[in-house]
2 protein chains.
Amino acid sequence: MVTIYDIAKACGCSSATVSKALNNYPDVSAKTREKILKKAKELGFVPNLQARALITNKTWNIGVLFEDKSHSGLTHYFFSQVLQGVKEQAEEKGYDITFISKNLGGVEMTYLEHCNRRKIDGVVIACIDFEDPQVTELMESDLPVVAIDFITSHIGSIVSDNVKGLYEITKYMISLGHKDIVYVYGHETHVTEERIRGFRKALDEASIPFSERMLVKSKYSEREDSEEAVEYIIKRGNLPTAIIFPDDCAAIWGIKTLRSHGIKVPEDISVAGFDGVEIGEMVYPRLTTMRQDTSRLGKEASLRCIQMIETKVHNPTMTTIGVELIEGGTAMPPREKDVILKPKKKN
Amino acid sequence: MVTIYDIAKACGCSSATVSKALNNYPDVSAKTREKILKKAKELGFVPNLQARALITNKTWNIGVLFEDKSHSGLTHYFFSQVLQGVKEQAEEKGYDITFISKNLGGVEMTYLEHCNRRKIDGVVIACIDFEDPQVTELMESDLPVVAIDFITSHIGSIVSDNVKGLYEITKYMISLGHKDIVYVYGHETHVTEERIRGFRKALDEASIPFSERMLVKSKYSEREDSEEAVEYIIKRGNLPTAIIFPDDCAAIWGIKTLRSHGIKVPEDISVAGFDGVEIGEMVYPRLTTMRQDTSRLGKEASLRCIQMIETKVHNPTMTTIGVELIEGGTAMPPREKDVILKPKKKN
DNA sequence: TAGAAAGTCGAAAACGATTTCGGAGTTTTC
DNA sequence: GAAAACTCCGAAATCGTTTTCGACTTTCTA
């Protein structure tokens with residue numbers, strides 16, 4: 001491997017000058033700079049980032065932290081899109097990304113320790129249990145940290161407009177004529193709180209009384225949990241006319257479960273998801289859902305993290321990314337349950 | 001950040017001894033070793049991998065190379081599962097993974113150059129255009145390289161049993177009574193060749209004459225291309241009774257296109273995919289397909305790469321991973337087209 | 001034309017580890 | 001009781017960069 005010393009020797013100058021020429025320092029004459037650059041290319045010089053990092057204390061690496069306990073991390077549709085965004089933006093700015101884990105080669109270590117070993121410049125967190133003390137440790141460290149869909153006082157946050165998201169989709173359901181709507185919520189996190197706020201806001205505006213029955217707990221995005229939630233809704237009787245799920249996969253598994261009980265979607269019951277990932281488009285009929293701009297979520301997080309790294313100011317900030325209703329085919333006006341409307345026809 | 005010098009000072013010994021104690025060298029007494037380890041933990045020492053890498057020439061980093069031009073890399077269902085496998089196995093062995101790209105911070109560079117900058121220990125390649133001269137350059141370099149679903153004479157290969165895959169699924173279609181089967185193939189790569197071999201083998205065994213009409217070209221995994229292929233099949237007339245697609249997504253988009261023309265699946269035409277990703281299970285009815293053990297594909301690639309790194313012998317090897325038929329609901333016996341069977345009923 | 005200012009360059013220290021080799025001290029061997 | 005063998009440790013070189021600071025040239029200014 002060719003080093004700056006090789007170039008120095010070939011050019012008859014010192015390694016210091018080579019380094020300066022390569023890094024556009026002003027105190028090297030145009031002539032020598034040119035000679036050095038030419039020689040560097042000629043010899044196929046590639047700078048050694050390890051050596052550079054050692055002295056500059058910057059690795060050009062940003063860490064990505066996400067839940068991988070379920071072994072589904074990267075295959076998690078929402079996350080993989082976010083990650084794609086993070087990666088693209090990081091690359092554009094010259095950073096590589098590294099996955100942060102708790103265990104490396106059989107050695108237990110905290111997330112922070114992993115970052116310190118690799119001298120990660122900053123971290124993007126997504127889809128993770130923010131209650132984990134190790135995550136807290138990381139967020140409270142000196143590292144620049146940006147979280148997606150989580151808000152706290154001392155790091156950057158990029159969030160989807162969850163209040164609006166659930167508000168809009170609920171309003172949409174109401175506009176179709178639904179009054180008996182259930183929101184199946186996932187982890188009890190900030191996101192869930194926001195969504196429930198949006199849900200209730202829409203109900204309030206339509207003067208539909210809220211009841212605890214309208215909220216059903218499930219876990220996030222796991223097939224079995226979604227199925228369980230639906231089973232529960234069916235078992236307790238008195239079916240709602242619409243169900244909103246916390247994510248598209250949950251909605252799809254939910255629909256499958258409903259159908260397996262002979263309940264037709266959307267004829268008997270309307271369903272909506274949340275996320276707007278591609279799978280929603282693959283099922284029939286196309287899933288009604290709220291699209292989150294996942295790629296932008298990732299890109300903004302990446303960008304924000306890099307800003308924090310480069311400006312060295314770590315003030316907490318929050319960026320909200322808009323959401324968009326996708327009118328698919330899994331929601332329609334509810335059946336006229338009783339003959340209430342018949343008298344009207346008599347007129 | 002605390003260094004080995006800090007530990008040395010605190011223990012009244014030299015940095016050399018600290019290093020040795022930390023790395024289990026034999027020439028340090030149990031007593032001092034213990035003292036050093038204790039102090040290291042007490043001070044919260046975390047080794048600096050950059051510094052270590054500089055001298056040992058090993059970064060504990062493996063690179064992952066995949067196509068990201070289409071901006072769909074990480075969200076590509078098949079790949080994300082493979083990547084998950086690569087990552088898990090790498091982590092278990094103490095390696096981090098880094099995505100290799102052609103462009104970093106607006107600076108064009110070859111894949112190999114990216115690897116050299118980061119001093120990547122080895123590379124796993126998947127889902128990529130193996131014709132790319134940059135990929136060739138990488139494969140011909142001194143780096144340990146393992147490819148998934150590609151075979152060449154000088155690197156490690158992990159491949160699914162594609163011959164068997166298409167053989168089995170074709171045989172299955174034949175066993176249902178299909179004779180007029182189309183295989184929609186993707187990129188003309190090694191994988192495609194193998195699959196076509198399997199396809200023809202099944203036909204031969206059943207004495208079904210092969211015709212060029214049975215092969216229809218499409219691109220790999222892009223929605224529009226799959227739709228186009230189906231449109232073509234419809235337009236040219238004389239529909240086959242079964243279509244096998246090169247991957248599950250293509251199959252799902254294909255089914256959507258067929259249905260949009262009023263063709264029922266599986267009643268009018270049977271369909272099968274390939275890959276066995278989760279989406280196949282989400283659609284109705286469940287997609288008939290061949291499951292590839294994606295996670296294992298990734299894990300084996302990772303493991304093989306690490307072996308090459310650690311043993312320093314880069315002999316080309318090939319590992320084949322089995323596939324498994326999933327009988328879904330998108331394939332059934334073909335309609336009895338004409339009244340050929342009626343005479344039988346007379347009996 | 002002398003002195004100041006600007007422009008170039010290089011020696012050397014630093015970053016944080018690993019590893020070689022030899023020396024000092026201790027124990028074993030004959 | 002001396003030589004040989006073994007234990008334990010540290011000085012110093014090394015990996016490939018960056019960066020400071022002083023020195024030397026050249027150009028500018030009055």
Side-chain angles (χ1 to χ4, degrees), chain A residues 1-37 39-40 43-61 94 104 107 113-121, chain B residues 1-37 39-40 43-61 94 107 113-121 310:
Chain A
M1 213 77 287
V2 23
T3 72
I4 55 169
Y5 284 98
D6 299 324
I7 301 175
K9 199 179 291 175
C11 290
C13 64
S14 77
S15 66
T17 307
V18 174
S19 174
K20 288 182 200 165
L22 258 23
N23 291 292
N24 283 318
Y25 273 58
D27 64 338
V28 37
S29 71
K31 212 174 93 190
T32 43
R33 177 192 314 278
E34 205 172 326
K35 185 164 65 173
I36 289 171
L37 292 184
K39 209 71 186 174
L43 297 178
F45 171 74
V46 175
N48 182 326
L49 293 195
Q50 324 289 325
R52 193 204 300 253
L54 194 55
I55 186 83
T56 61
N57 221 21
K58 171 156 182 177
T59 56
W60 293 89
N61 242 312
L104 207 54
V107 181
E113 202 175 321
H114 191 169
C115 291
N116 285 152
R117 286 183 160 240
R118 286 275 178 211
K119 289 255 170 264
I120 295 291
D121 294 329
Chain B
M1 214 77 284
V2 23
T3 71
I4 55 168
Y5 287 95
D6 300 324
I7 300 174
K9 199 180 291 175
C11 290
C13 64
S14 78
S15 67
T17 307
V18 174
S19 174
K20 288 183 203 163
L22 258 24
N23 291 292
N24 283 319
Y25 274 59
D27 64 340
V28 37
S29 71
K31 212 175 93 191
T32 42
R33 178 192 313 278
E34 206 171 326
K35 185 164 63 169
I36 290 171
L37 292 184
K39 209 71 186 171
L43 296 178
F45 171 74
V46 175
N48 182 326
L49 294 195
Q50 324 288 325
R52 194 206 300 255
L54 195 55
I55 186 84
T56 60
N57 220 20
K58 171 155 183 180
T59 56
W60 293 89
N61 240 313
V107 181
E113 203 176 319
H114 191 169
C115 292
N116 285 151
R117 285 183 162 241
R118 286 276 177 212
K119 290 257 172 262
I120 296 291
D121 294 329
E310 297 186 346

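Owing to the predicted nature of the structure, the values given are computational and were not obtained by experimental measurement. Proteins get letters first, then strands, A, B, ... in listed order; numbering begins at 1 in each.
- Comparing A/L54 and A/R33 along DNA chain C, the residue whose closest nucleotide (by nearest heavy atom) sits nearer the 5' end is A/R33.
- We find that CG of B/N57 is positioned 11 Å from C1' of D/dG16, with the value rounded to whole Å.
- Side-chain proximity of A/A16 to the nucleotides D/dG10, C/dA17, C/dA11 is greatest for C/dA11.
- The phosphate of D/dG10 has neither OP1 nor OP2 within less than 4.0 Å of any side-chain N or O from B/S15.
- Note on B/S29: every side-chain N or O is 4.0 Å or more away from OP1 and OP2 of D/dT7.
- At least one donor-acceptor pair under 3.5 Å links the side chain of B/N48 to the backbone N or O of B/Q50.
- Nucleotide D/dT18 holds its C1' atom 12 Å from the CG atom of A/D27, rounded to whole Å.
- In this model, the phosphate group of D/dT18 is approached by a side-chain N or O of A/N23 to a distance below 4.0 Å at OP1 or OP2.
- The CE-P distance, from B/M1 to C/dG16, rounds to 10 Å in whole Å.
- Residue B/T56 has no polar side-chain atom (N or O) positioned under 4.0 Å from OP1 or OP2 of C/dA17.
- Proximity note for A/R52 (side chain, C-beta onward) versus D/dA11, D/dT17, C/dG16: the nearest is D/dT17.
- When each of A/E113, A/K119, A/H114 is tested with B/V46 by the rule side-chain contact (heavy atoms from CB on, under 4.5 Å), just one qualifies, namely A/E113.
- In terms of polar N and O atoms assigned as donor or acceptor, the side chain of A/K20 comes within less than 3.5 Å of the base of C/dG10 in a complementary pairing.
- Look at A/Y25 and you'll find a side-chain N or O under 4.0 angstrom from OP1 or OP2 of D/dT19.
- Within the nucleic acid shown, A/V46 comes within 4.0 Å of sugar-phosphate atoms alone, with no base atom in reach, counting heavy atoms only.
- Among the heavy atoms of the strands lying under 4.0 Å from B/S19 is at least one base atom, whether or not backbone atoms are also near.
- A straight line from CD1 of B/I7 to P of D/dG10 spans 14 Å, rounded to a whole angstrom.
- To the nearest 0.5 Å, atoms OG (B/S19) and CZ (B/R52) are separated by 8.0 Å.
- The local environment of CD in B/E310 is crowded, with over 12 non-hydrogen atoms from other residues, nucleotides or ligands closer than 6.0 Å.
- With B/K58 as the fixed residue, the side-chain contact (heavy atoms from CB on, under 4.5 Å) test singles out one of B/T56, B/N61, B/I55: B/T56.
- One interatomic measurement links the two molecules: CD1 of A/I4 to P of C/dA12, which rounds to 16 Å at whole-angstrom precision.
- Residue B/S14 places none of its side-chain N or O atoms closer than 4.0 Å to OP1 or OP2 of D/dA11.
- Between A/R118 atom CZ and C/dG16 atom P the separation is 17 Å, expressed in whole Å.
- Distance A/K58 NZ to D/dG16 P: 23 Å, rounded to the nearest Å.
- As rounded to whole Å, 7 Å separates atom C1' of C/dA17 from atom CD1 of B/I55.
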